[in-house]
Amino acid sequence: PPLPKFINQTPTVCERELCVFAFQTLGVMNEAADEIATGAQVVDLLVSMCRSALESPRKVVIFEPYPSVVDPNDSQALAFNPRKKDYDRVMRALDSIASIREMTQAPYLEIKKQMDKHDPLAHPLLQLNISSVCSFILFFSQQQLKFMHTPHQFLLLSSPPAKESNFRDAKGLFESTFAFHGSHIENWHSILRNGLVVASNTRLQLHGAIYGSGIYLSPLSSISFGYSGMNKKQQKVASKDENAANKSNIHLQSQKKGQNPQFLQSRNLKCIALCEVITSPDLHKHGDIWVVPNTDNVCTRFFFVYEDGQVGDTSINTQDPGIHKEILRVIGNQTATG
């Protein structure tokens with residue numbers, strides 16, 4: 001089937017200064033900020049990722065692209081300039097965004113007014129934080145993958161149309177399967193803008209590349225949870241009796257939080273992605289560690305977020321027929337990827 005139209009409509013912003021000025025002063029793609037009203041949970045997640053990247057000792061490497069924001073008092077100058085990086089000033093603007101989002105659930109225009117009054121750079125930064133994402137992210141509360149034990153589940157399509165097209169071509173020649181990719185939350189700010197890249201032997205590499213260069217995946221949730229930074233105490237193996245209790249707790253947690261801003265008050269978010277991968281000869285399997293040298297052969301499909309106190313089930317194996325069938329069922333209900 002053809003690609004969903006929304007993939008082609010994903011807002012992106014070129015880093016060139018001319019494009020930045022066109023976007024912010026002429027209102028090009030300004031409608032992207034409307035997502036604040038309809039996708040608050042996604043927006044709060046983006047803000048949390050941005051903050052984690054800024055707080056990281058590796059921010060010089062992973063807080064990319066650095067924002068370009070026109071000075072509200074001088075339309076010919078940049079208040080945030082990639083050539084003159086000021087991470088502390090970006091953090092102050094981000095703190096303003098977070099504090100206002102935590103204080104009010106007012107309509108978008110009212111939130112914008114409060115941000116402009118609090119810090120004139122807060123709203124432009126938020127606007128750019130949304131529109132610079134080169135991915136389609138959609139929170140879904142229905143038809144979730146229950147075995148992931150979190151209410152925070154997102155459809156994540158981070159591949160541009162050309163890559164999705166290449167992926168489909170390869171899928172016509174070979175089969176595909178699913179595997180997890182775990183990474184610290186501080187890395188996802190960049191991943192959502194630059195895609196999954198081969199970090200091996202680059203400044204982006206955080207872990208060793210013992211099995212060579214490529215994108216590292218695993219069919220086992222336990223391994224990818226480890227790469228996400230979730231320690232053993234935060235992981236669990238759920239029994240059948242616990243599954244029903246977990247579903248109830250997740251439902252109560254969602255009700256309790258209601259419309260409160262998600263993620264902004266949590267300082268310990270863990271993230272894991274579920275990817276679709278081409279099972280071609282290029283896929284190197286070293287036990288439960290899979291390495292994909294060709295980035296075109298991996299596409300993200302789902303994204304899961306765990307807050308303080310939440311745990312992930314370490315017993316998930318995407319190669320289990322029941323798990324595989326459930327993934328295909330939910331994907332079929334969310335988007336056309338078959």
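Because the structure is a prediction, the values reported are computed rather than measured. FYI, side chains are in, hydrogens and waters are out, and symmetry mates aren't considered; it's all heavy atoms of this structure.
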Practice item. Begin with the C-alpha distance, continue with both residues' side-chain angles, and end with the deciding distance and a verdict on side-chain contact (heavy atoms from CB on, under 4.5 Å) for Leu196 and Thr295. Key: CA-CA 7 Å; Leu196 282 176; Thr295 58; over 6 Å; no
Do [X] and [Y] have side chains that get closer than 4.5 Å, going by heavy atoms?
| X | Y | value |
| --- | --- | --- |
| Asn297 | Phe174 | no |
| Trp188 | Leu45 | no |
| Phe302 | Leu155 | yes |
| Ile137 | Phe303 | no |
| Tyr227 | Leu217 | no |
| Ser52 | His189 | no |
| Ile272 | His181 | no |
| Ile278 | Asn294 | no |

Please round to the nearest 0.5 Å and tell me the distance separating atom [atom1] of [X] and atom [atom2] of [Y].
| X | Y | atom1 | atom2 | result |
| --- | --- | --- | --- | --- |
| His123 | Leu126 | NE2 | CG | 6.0 Å |
| Ile100 | Ile111 | CD1 | CD1 | 8.5 Å |
| Arg193 | Cys50 | CZ | SG | 6.5 Å |
| Gln114 | Ser99 | CD | OG | 9.5 Å |
| Cys275 | Trp290 | SG | CH2 | 11.0 Å |
| Ile97 | His118 | CD1 | NE2 | 11.0 Å |

Review point. Does Lys117 NZ have over 12 foreign heavy atoms under 6.0 Å away?
Key: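 Counting other residues, nucleotides and ligands, NZ of Lys117 stays at 12 neighbours or fewer.
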Practice item. Take Arg92 and Asp88 through the test salt bridge (charged side-chain N to carboxylate O under 4.0 Å, His left out) and record every step on the way to the result. Key: CA-CA 6 Å; Arg92 289 201 302 274; Asp88 291 338; 5.9 Å; no
Point to revise | Criterion side-chain contact (heavy atoms from CB on, under 4.5 Å) on Leu145 and Leu274, from CA distance to verdict | key: CA-CA 11 Å; Leu145 290 167; Leu274 181 61; 4.1 Å; yes
Nearest non-hydrogen partners of [X] and [Y], listed with the distance:
| X | Y | result |
| --- | --- | --- |
| Leu125 | Leu94 | CD2-N, 3.9 Å |
| Ser176 | Thr279 | N-OG1, 3.9 Å |
| Ser228 | Lys270 | O-CD, 3.8 Å |
| Tyr306 | Met148 | OH-O, 2.5 Å |
| Val330 | Gln144 | CG2-O, 4.1 Å |
| Tyr66 | Asn81 | CE2-O, 3.5 Å |

Check your understanding: Does the Thr150 side chain pair with the main chain of Val305, one donor and one acceptor, at a distance under 3.5 Å?
Key ->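 Yes, because the side chain of Thr150 sits within donor-acceptor range (under 3.5 Å) of the backbone of Val305.
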Identify each donor-acceptor pair in which a side-chain atom of residues 316-326 lies under 3.5 Å from a protein atom, sequence neighbours left out, and give them as a table.
{"residue": "Asn317", "atom": "OD1", "partner": "Gln319", "partner atom": "N", "Å": "2.9"}
{"residue": "Thr318", "atom": "OG1", "partner": "Phe178", "partner atom": "O", "Å": "2.6"}
{"residue": "Gln319", "atom": "OE1", "partner": "Thr177", "partner atom": "OG1", "Å": "3.4"}
{"residue": "Gln319", "atom": "NE2", "partner": "Thr177", "partner atom": "OG1", "Å": "3.0"}
{"residue": "Gln319", "atom": "NE2", "partner": "Phe178", "partner atom": "O", "Å": "3.3"}
{"residue": "Asp320", "atom": "OD1", "partner": "Gly322", "partner atom": "N", "Å": "2.9"}
{"residue": "Asp320", "atom": "OD1", "partner": "Ile323", "partner atom": "N", "Å": "3.2"}
{"residue": "Glu326", "atom": "OE1", "partner": "Arg329", "partner atom": "NE", "Å": "3.2"}
{"residue": "Glu326", "atom": "OE2", "partner": "Arg329", "partner atom": "NH2", "Å": "2.7"}

Exercise for review: May I have the step-by-step check of salt bridge (charged side-chain N to carboxylate O under 4.0 Å, His left out) for Lys163 and Glu276, ending in yes or no?
Suggested key: CA-CA 13 Å; Lys163 181 177 176 180; Glu276 187 173 4; over 6 Å; no
Point to revise | Verdict with supporting geometry, Asp313 and Lys146, salt bridge (charged side-chain N to carboxylate O under 4.0 Å, His left out) | key: CA-CA 11 Å; Asp313 187 346; Lys146 301 298 184 184; over 6 Å; no
Exercise for review: Any chance you could lay out the side-chain contact (heavy atoms from CB on, under 4.5 Å) test for Leu269 and His152, step after step, and finish with the verdict?
Suggested key: CA-CA 11 Å; Leu269 296 178; His152 309 309; over 6 Å; no
Point to revise | Trace of the side-chain contact (heavy atoms from CB on, under 4.5 Å) decision for Val70 with Leu78 | key: CA-CA 4 Å; Val70 177; Leu78 288 175; 4.3 Å; yes
Point to revise | Ionic contact status for Arg58 with Glu64, cut-off 4.0 Å | key: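 Here Glu64 does not pair with Arg58 in a salt bridge, since their nearest N and O are not under 4.0 Å apart.
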